[in-house]
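A, B, ... follow the sequence lines: proteins, then strands. Residue 1 opens every chain.
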Amino acid sequence: MGKIKVKLFNYKKQNDYKWAMTIDLDRCNGCGACVVGCQAENNVAVVGEEQVEHGRNMQWLRIERYVEGTYPDVKVRFLPMMCQHCDIAPCESVCPVWATYQNPEGLNVQVYNRCIGTRFCGNNCPYSARFFNWYDSKWEKNQENQLNPDVSVREKGVMEKCTMCMQRIRRGKDLAKDEGRPVKDGDIQPACAQTCPTNAITFGDINDPHSKVHDLAHSGRAIRLFEEKGTHPAVLYLKGGSGNVY
Amino acid sequence: MDRRRFLKLGALTASTGMLGACGQTAQQIVPFVNPPDDGVNPVDGFWYATTCKECNAGCGVMIRTVDGRAKKLEGNPGHPISGGKACATGQAGVQKVYHPDRLKSAMLLSGERGSGVYKPISWTEAVTVLSDKLAGAKGSVFFLNNGSNDVTAGVANAIFKDSEKFVSASNHDAGAESLRQGGAALTGLPQTPYPDMANADFSLLLGADIFEWDRSPVFYSRSFGASRRDRPSSRGRMVYMGSRLSSTAVSCDKWIPAKPGQLGIIALSIASVVVDGVIEKGLARAIPRNTLGRYSDALRKYRPERVAEKVDVDAETLYKLAAPFVNEAPAIVIAGDGVTGYSNGVAGLDAVELLNMISYEIGKEKLTAKPRSTPESDQDLKDRMLEWFGPAPRKQTFAKLKSLTEKMAAGEYAVGLIHNTNPVFDTPNALKFKDALGKVAFVVSFANVMDETANQADLILPDNHWLEGWSAQIPDFVPGVVALNLGQPVVQKFQETKAAADSLLEAGAKAGLKIPAANGEEYIKKVISAFRSEMLEIPPALSDKEAWNFLLRRGGSWPSENDTELTATPASDKLWAFKGNLASDEPVFEGTNDHPYHLHIYQTVFAGRGSGVNHGWLQESPDPITTVMWQWWIEINTGEAGKLGINEGDLITVSSVHGSVTGPAYLYQGLRPDVISIPAGFGHTNYGEMANGRGANAMDLLGLSMDEASGGLAARSQMVSVKKAGGSVVLLRNGNPDGEDKGEAFQL
Amino acid sequence: MSTSSGHAHGSAEHKAAFNDLTDVEDIRDPEAVPEVVRSTYDDADIFRDEKEFNDHTLRPMFYTTKAYFIFVIALSLIMAQGVATFAVQTYYGLGQTNMHEPLFWGSYIATFVFWVGMSHSGTIVSSLLRLSHANWRRPILRAAEAMTAFSLLVAGLFPLIHVGRLWRVYYMFPLPNQRTLWPQFKSPLMWDMMAISVYMVGSMTFLYVGLIPDLAIARDRAIANNNWRQHYLKFLALGWRGSNREWMVYNKASLFLAVIILLIAPSVHTIVSWDFAMTMTPGWHTTIFGPYFVVGAIYSGVAGVVTLMIVLRWLFKLDDVIRILHIDALGKLLVVIAIIWTYFYVNEYIVTWYSHKPEEAHMWAWQGERFPHLLWIMLGGSVLNIFLLSWSRVRRNVYMMFWMSLLVNAGMYSERYLIVVPVLTRRDNPFMWTDYLPSGTELSIIAASFAYFIFLYAIFIKLFPIVTMADVKEGVVISGDMKIGRHSVRVQARE
Amino acid sequence: MNFWNSLSSTAKMVAGALAAIFVGLHIFLAIFYFGPFWFGTHTPTQPIAFSHKLHAGTNKIPCQYCHTLARRTEAAGIPSAEKCMNCHGYVKAESPLIVEIAKKFENKEPIVWQKVFDLPDHVWFNHKRHIKKGFKCQRCHGPIEKVDVVGRSNDFKMGFCIGCHRDNEAPTDCWTCHT
């Protein structure tokens, strides 16, 4: 086993990557393709009508919608909401077993097999982006054939949430490493970004000054949700358009 | 039993038992007998190009498969429609391969029709039964599908084309017929007009729910995103007019509720302002002054002041809407069900197309070279290719389906072939399709899950899922060019199914009919070899086999981006020659005086016409507007509901002269007070456990009003009444009713 | 050890060995002290002699009625169904509860906080009163300390009931392992676990040390009657003989423990409050939670003590030991605590109002809108008490005190519920606002927790002396007239 | 001993029970964690008695001659029957075991091997990375070229992975292996 170092996470090597995502609210049309794409990629279970009645629908990525105004001046806004991968994440410090932490690439990690389900993290997430497995995930007969082999199926009693498609990041880095180069912008796309028909979601390395996500994040339109909480999310929202319609 | 499970049980057993627990269960590993092509990564999986058949749009997609199982669908990045993107329904299509309700083998009716008692039979038997019936039918056969032009339709057509009695009809989205007919008067090109939204600064959407179930949600969504933010110079703006704030309307910058059935007049009204504005601004450089003058006179009666009251939009707004057409062209108008869903659909579309053409003439210099409709040379090619895939879509009208139904009811058909559609469920109740089907001597269904129509069939020959078999398609809606989509089997067959085309061809051969090819795959190859020389996309050096592989790898054939630059439409000539109908017909509504509300049936993003209702992912995805999951609802304007004393979840009965449905009310601010809006696709009775009994079928309310000019169903011209039914249910909604409206918390 | 017996039955050798002026044996000798005249307090009769006192106070332990068995069986049934429900919940998953996103904590945590609160008064009151030499404390100490221990035992179960993967709960313990993975020491839950473990050990020790002299008395009685209890009593009494040195050590130990407990107890509930206060959730994220929780805990605990006292007094006819005087004194204590608690409670609102945070203000409004009944129970039970209890006739009325103490605890339970639930139903993200009512599973497990607490108490009563006999006797001032020369002098002796 | 004698019989019983529980718990934990190391390995019977000793040891065929995917993909893979027949079409073609394989190959019938080394579902392991870094197969799989019948010589507990990752300064981020 070798010598044990007390240091828990070996951060000695500074990683170059800092994954971030921008979501252009001006582009989002609420079509829900990302929601289903995420479910397909990440083995997110369908909980069924009965559980939905209890308010336990599980969508790592959900589209929140807000109705403003009354007829005829009605405005509805969509807000895709997922784990914001905060730099200073409120969920991390409260987990008693260290099942969630900040990884060196700026992602907020949830380790399912470490989680004991105190659900403290979910309580402390201002975005309500964490989900709990109230029951074991069930798939209708035969449907487990579709499960993604790269992603583990979560057991009952653990928290889960958006991983920014860690399996895809890992594969992207792996392939880049084979070719002896750093990851190029656009090499890695989470399922939601890849499927989004309006290209509202952009994912990339915000440390790379030439990446698209870096450009968008510095475009002046970028905002963070609950900025006042000081959580510093890695998900940036790009604000909507101008007021001049005609 | 793994370690975790062991601890869970908490049994303190002896060490032997424990050892069994610690040693993880032995698993088996089955290598290939012959390894696949070396150099591929079996864990990452194989990516195959194919074509999505969840709707008729024809998106090219890539499927990731691992161990012969489909895992994930992504758009095919090179494809002109999908462009590497996908929609929710497409994503869910993958899991339908493994749907628990899939039929496992061919089945022959062994009880009464509609009893659902079938006995499984072998495929040899099934084909024999079918061939006997086909031989005995002597050509009195009909073929019905969902309007997609695919191999099965082509094969059916080819087998029976010599028979006079044979009819190939389709049951497709209401309104599509009108859309195809629309603009015919102007462009002379009877195809779906293609609005180039991606390059437009301003888009006016007239009842066009383009992100929901219009011609291609994915393509339109891409265009929308591109229009909004892809062009560095300006941000595309959109205004939606229509009676309901749909999820498309929500994405637009403004929603203007206009009176149902009057959107054509609005287009004319805007056109009148535009024409005069152009004259004033001296932009006659683009359009000869005399032409404009002619229009100016003809359009005078549609000046905003004159129509404002009629369309329920104030004149000032109409003037404002015209401004972008004059100042910031290219601006475009897109028409949708809000225009075509009425009896004056084609007239309205003509008006829309006129406005489009004027706008194009004004702004064409600023346009990047993207085509607006298929050039005539290509149209010819397209027509000839379409002949291989059944009747051209523009010939497949609702009127044709109606006349077929009448003939069926008269007992004129011996054999009916129904493929990929569910008319018993999703045609208007007034059509009485089910009764007519009962008069057909022998009904064959190719459904691969049981549905209402298959339940009325004598023989069920389950078709492959589209991931399991070959397919080819000429997508109706491709910007400006002819494309051929190819689909290939990307996964192993999961159930004992057979491609519908193969079943037909086998049975036809056995019955002594003239068959066009030995099987579906051969048929597609024949098409390709017939058109190879005209399809520039296959490098000429390739042999036939190489060309085939080339196309399969690509997922079909379509011109590359560079080719399309050449094909901008010379609209001007058409415009000068325009002598079309500038008078807008009044819509005819069906219903008596005690039916005060307009019925607005629409397809939700997830349920579609009913195909999504048996799918967990789609059912559990909250509807974008109502955020309802697993349930069906009836939308009513909040203020109107207040007047009627209706609260959210209260059961209300909506009735028309044709029938009534009862369901929970959803109170919505974004709906005209004189409109009741109901999602289609719910209320299945025989579509698997997940779908059955969920809501009621909105088609029960619908009559058969048609747009005579196009032969399309005027699905929006029904009038209904509403009353409380007593009782209420809790609507299962994502997000909390108290919290959902508090968007200001985010201060975006 | 088997040869030795208690001091009361000491042999001549023993007498010789402990021939000391302060030897209790001597003073208690009826010849040396002519009569026990009166106690320090004047409102009750005192037992004529120690035997009678012992008889009376040990009666609940040695004399059991049929009703008792029926009662215990009934409790066991409630517990059994709770255990069964819990087994079902563990097997199928926490979906059996009504919790859902984003309300991840529900009635279990509210009940957990309630029981931790209940555990507070016991030791705090006991040690505080011990240290301050408040004489009226004496008969109630044992009952209060036992309450601490048992409510902690019950409270400790709730985190286990609450977690999703019970079978992995050992991840919380800082065990060295092959992965060199440690718990997250930044987590308030981690502190909580540590604090409660320490408090559990501390309060158990406190209870046990206080028990030792009484165990010896009971042991002697058990041996005399050849009762089966002698076996464990012999072991647990640690051979107590009541020697001077033993008393000295005992007194030192209880003083020492009292001081330690007095330090631990507030910290424990402060840490429990940090489970909430350390989060970023509006309604929880407040600095006042530490003292607020501690005072609330003491409040509910003292009320719990009152309830228990009255029940014991009624069940075991202990009117002579637990007298109106004690209940009156506890009532006074309640008033003081209620005032402090009300101050904190109002303070919380004032701070919210002053800070002008709309989300917090909304939270409070929602609390009143959604849970008015709980709010009224809380205010009625806690704040209105101040006025009623200020009235000595109320304080001295056992029935009134009984119902009021129950009301206080109902109010305090509501308070816990109001802290946990409304906040989570109105999280930061308005799209995820929700509502919650406990499910049958939750209710049955909570009911079982109450049954478990009562069960533990009922068993305790039968196994251990419930009245702090030694302490009571210590407080009894023996006075009488003693002839010194010709003068008869009034003397007081204290045991 | 004096103290022990001074205890009552009940006390002795209680003390004995406590001691028994204490010891029992430790035995349980010890068996639980180290059982696999003490009580042998998972050594399933394979459908064809393939000898690694003969192939990799005596004949010195490199591991990756058969397990070709190891250097290219996450899984090492089991060679296809075709691969076996590449050599055994000529080499020892008459041996009864080879005949068995040949028969299956003719019938296009796969050989169902029993998995020896297995990781839990929540672990993601990449052979390619480790092979490319230059680790010998034996480092994890044990001296496989020396045994006829392969058994599980390593239980792949997390400590094993983590220890090696630390020593080689490989990432120890949880998401390196878990998702």
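- A side-chain donor-acceptor contact under 3.5 Å links A:Arg170 to the backbone of D:Trp175.
- The side-chain heavy atoms of A:Asn103 and D:Cys174, taken from C-beta on, include no pair separated by under 4.5 Å.
- With chain D as partner, the option from A:Val151, A:Thr163, A:Ile169, A:Val111 having the largest number of non-hydrogen pairs under 4.5 angstrom is A:Thr163.
- A:Asp150 and D:Thr179 get closest at one heavy-atom pair: O-OG1, 3.4 Å.
- The 12-atom threshold is not exceeded at NZ of D:Lys146, counting heavy atoms of other residues, nucleotides or ligands nearer than 6.0 Å.
- Taking NE2 from D:His178 and CE from A:Met166, the interatomic distance works out to 12.0 Å, rounded to the nearest 0.5 Å.
- For D:Lys53, the NZ atom counts as loosely surrounded, since its 6.0 Å shell holds 12 or fewer non-hydrogen atoms of other residues, nucleotides or ligands.
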Exercise. Would you check, one step at a time, whether the test side-chain contact (heavy atoms from CB on, under 4.5 Å) holds for A:Arg171 with D:Glu74?
Key: CA-CA 10 Å; A:Arg171 205 178 288 284; D:Glu74 289 139 35; 2.3 Å; yes

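- Pairs passing the ring-ring contact (aromatic ring centres under 6.0 Å, His included) check and including a residue from residues 104-124 of chain A, sequence neighbours excluded, read A:Phe120-C:Trp105.
- Contact check for A:Lys177 versus D:Lys132: no side-chain heavy atoms found under the 4.5 Å cut-off.
- Counted within 6.0 Å of CZ on D:Phe135, heavy atoms from surrounding residues, nucleotides or ligands total more than 12; the atom is thus considered enclosed.
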Practice problem: May I have the step-by-step check of side-chain contact (heavy atoms from CB on, under 4.5 Å) for D:Asp121 and A:Val153, ending in yes or no? | Solution: CA-CA 8 Å; D:Asp121 279 353; A:Val153 170; over 6 Å; no

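- The contact between A:Asp178 and chain D is made by backbone and side chain atoms together, counting heavy-atom distances below 4.5 Å.
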